[in-house]
Every structure is written in structure tokens, then in C-alpha cells.
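Input: a single structure, listed below in C-alpha cells.
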Amino acid sequence: LLNEARKKTEEILDVLHTPLVGKTPRPRTYREKARKRFVAFTKHKKPGRKKIRRAKRDQLGFLRRNFKAIDRLLETRGALLLGGISRRQYKNLLVTRELFRQQSEMFQKNSNRVDDRIVSISQPHVRPIVRGKAGRPTEFGAKLSISVVDGFSFVDRLSWNSYNEGGDLE
């Protein structure tokens with residue numbers, strides 16, 4: 001997820017820097033180094049806690065550098081403003097900033113939990129729901145309660161967050 005966020009921020013950096021090509025050097029992002037470290041990490045079959053933590057720290061550092069470069073570009077004269085990027089890229093920028101905040105908070109606290117955790121950049125509203133079923137312990141998507149009255153189905157509750165069905169059953 002952090003690697004995907006890093007790639008999205010690099011796209012945004014490239015778009016914001018286009019009017020400044022030839023005038024100022026492109027901000028350093030260490031793309032190749034970041035990609036090499038990520039690929040090296042993914043090649044490990046069962047990485048230990050130390051390796052996972054090291055990979056997270058690396059990707060968080062690369063992402064932090066990209067955000068600083070984006071902020072500097074937005075302050076520079078002659079660069080594109082936020083209106084110069086597409087709606088999708090603007091949404092990705094907001095989502096990746098929130099993702100970065102959540103991941104760095106989890107990294108500092110050394111935990112695996114944060115409220116309203118983002119698990120997908122393209123669909124940030126989707127939440128994991130732990131079901132405890134055989135096969136897959138976690139499901140993704142909306143959870144809904146439906147009641148059937150005289151052959152007609154009624155949606156009682158539709159939520160992207162996990163909830164207890166006990167109140168709906170009454």
C-alpha cells in the first residue's frame with residue numbers, strides 16, 4: 001500500500017513539475033532506489049518483523065520526501081497549482097496523505113490498528129470486516145441487513161464499517 005502511494009505521489013510530482021522543466025531540476029524522489037528496496041522486500045518468502053519494519057520505514061521516508069517536494073512545488077511560482085492536476089490525482093493526493101498519517105502513526109506506536117484504516121487507495125471507503133469464517137477470516141465491502149416482509153425485501157442497514165447485527169434482529 002505504501003509503495004502504491006509512493007508511485008501515485010511521484011505521478012503528481014511529475015505533473016506539477018511539467019511547467020518548470022528546463023528552468024529548475026526535478027525534485028529528487030529516489031524512485032529507482034525505492035523500487036529496488038520494495039522489490040527486494042517482496043522477494044522474501046516469510047520476512048521477519050525486523051525486515052517488515054525496515055521496509056515500512058523506508059517507504060514512509062520516501063513518501064515523506066515526496067510530500068515535502070509536492071508542498072514546495074505548490075509554493076513555487078510558475079509551477080502548476082492544484083487545479084493543474086486531474087480530479088483523480090487530487091483525490092489520490094488526499095487519500096495518500098491520510099494513508100501516510102495512519103501508517104506513520106501505526107509505525108510509531110508499533111501497532112497494527114488505527115481507526116478507519118485505509119486498505120485501498122482507489123476505494124478508501126472500503127473497510128475490512130473480520131468474520132471468522134473458514135477460508136478467509138477477513139472480508140471487504142459493505143455489510144447490510146435485509147428483512148423480508150410478504151416477499152418484499154427491505155434494506156434495514158447498509159454500512160461500510162463493521163457493526164453488530166443484534167440490534168437489527170429485534
Side-chain angles (χ1 to χ4, degrees), residues 1-76 78-131 135-141 160-162:
L1 200 58
L2 287 171
N3 184 56
E4 185 183 349
R6 180 189 56 80
K7 287 180 184 177
K8 302 275 187 197
T9 56
E10 287 170 358
E11 280 178 25
I12 293 168
L13 260 172
D14 290 341
V15 171
L16 289 175
H17 185 258
T18 48
L20 299 174
V21 172
K23 298 173 188 169
T24 60
R26 191 179 80 198
R28 288 182 291 170
T29 58
Y30 295 105
R31 293 169 204 243
E32 294 84 14
K33 188 187 260 187
R35 180 162 173 15
K36 279 183 183 177
R37 286 193 187 171
F38 176 72
V39 169
F41 169 73
T42 56
K43 286 183 180 178
H44 293 286
K45 193 169 187 176
K46 287 188 177 181
R49 284 187 181 181
K50 276 187 177 181
K51 286 187 180 178
I52 292 172
R53 192 155 169 81
R54 175 69 193 203
K56 280 183 185 177
R57 185 174 72 218
D58 289 345
Q59 294 299 318
L60 283 170
F62 292 127
L63 203 51
R64 183 178 297 114
R65 174 184 282 273
N66 289 353
F67 284 133
K68 285 181 182 177
I70 288 172
D71 291 340
R72 275 194 307 270
L73 274 176
L74 290 174
E75 292 170 0
T76 344
L80 281 177
L81 298 176
L82 279 177
I85 60 177
S86 68
R87 288 180 113 170
R88 180 184 55 83
Q89 288 175 327
Y90 181 68
K91 178 185 167 222
N92 286 343
L93 180 63
L94 295 177
V95 172
T96 52
R97 281 196 193 266
E98 178 61 18
L99 172 78
F100 174 75
R101 186 197 63 77
Q102 290 178 353
Q103 292 289 328
S104 55
E105 179 183 323
M106 288 192 303
F107 183 80
Q108 288 164 359
K109 290 182 179 177
N110 205 6
S111 72
N112 290 326
R113 190 185 179 293
V114 69
D115 290 337
D116 292 329
R117 183 170 165 189
I118 293 175
V119 291
S120 170
I121 294 176
S122 58
Q123 295 177 318
H125 57 279
V126 174
R127 300 281 174 261
I129 299 173
V130 179
R131 298 296 300 246
R136 298 269 181 226
T138 306
E139 293 179 353
F140 296 90
W160 288 95
N161 293 321
S162 185

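Just so we're clear, the structure is a prediction, and the values are computed from it rather than from any experiment. What you see below is based on every heavy atom in this structure, not just the backbone, and it leaves out hydrogens, waters and symmetry mates.
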| After noting the C-alpha distance and the side-chain angles of L13 and R26, does the key distance pass the side-chain contact (heavy atoms from CB on, under 4.5 Å) rule? | CA-CA 9 Å; L13 260 172; R26 191 179 80 198; over 6 Å; no

| task | For R6 and T29, run side-chain contact (heavy atoms from CB on, under 4.5 Å): C-alpha distance rounded to whole Å, both residues' side-chain angles, the deciding distance at 0.1 Å, then the answer. | result | CA-CA 9 Å; R6 180 189 56 80; T29 58; over 6 Å; no

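Legend: residues meeting side chain to side chain contact (heavy atoms under 4.5 Å, CB included) with K109, ordered by chain and number and at least two apart, are E105, S111. Under the salt bridge (Lys or Arg N to Asp or Glu O under 4.0 Å) criterion, R97 pairs with D71, sequence neighbours left out. Residues meeting the side chain to side chain contact (heavy atoms under 4.5 Å, CB included) test with I52, sequence neighbours left out: F41, P47, K56. Partners of K91 under the side chain to side chain contact (heavy atoms under 4.5 Å, CB included) rule, at least two apart in sequence or in another chain, are V95, P124. Every residue two or more places apart in sequence or in another chain that forms a side chain to side chain contact (heavy atoms under 4.5 Å, CB included) with N92 is listed here: K8, R88, I121.
Tested against L16 for a side-chain contact (heavy atoms from CB on, under 4.5 Å), the candidates I12, D14, L20 yield a single pass: I12.
A salt bridge does not link E10 to K7: none of the charged side-chain nitrogens sits closer than 4.0 Å to a carboxylate oxygen.
For residues 111-124, the salt bridge (Lys or Arg N to Asp or Glu O under 4.0 Å) pairs, not counting sequence neighbours, are R113-D115, D116-R127.
Aromatic ring pairs are classed by plane angle as parallel below 30°, tilted from 30° to 60° and perpendicular above 60°; the pair F67 and F100 is perpendicular.
Few gaps surround CZ on R101; more than 12 heavy atoms of other groups in view lie less than 6.0 Å from it.
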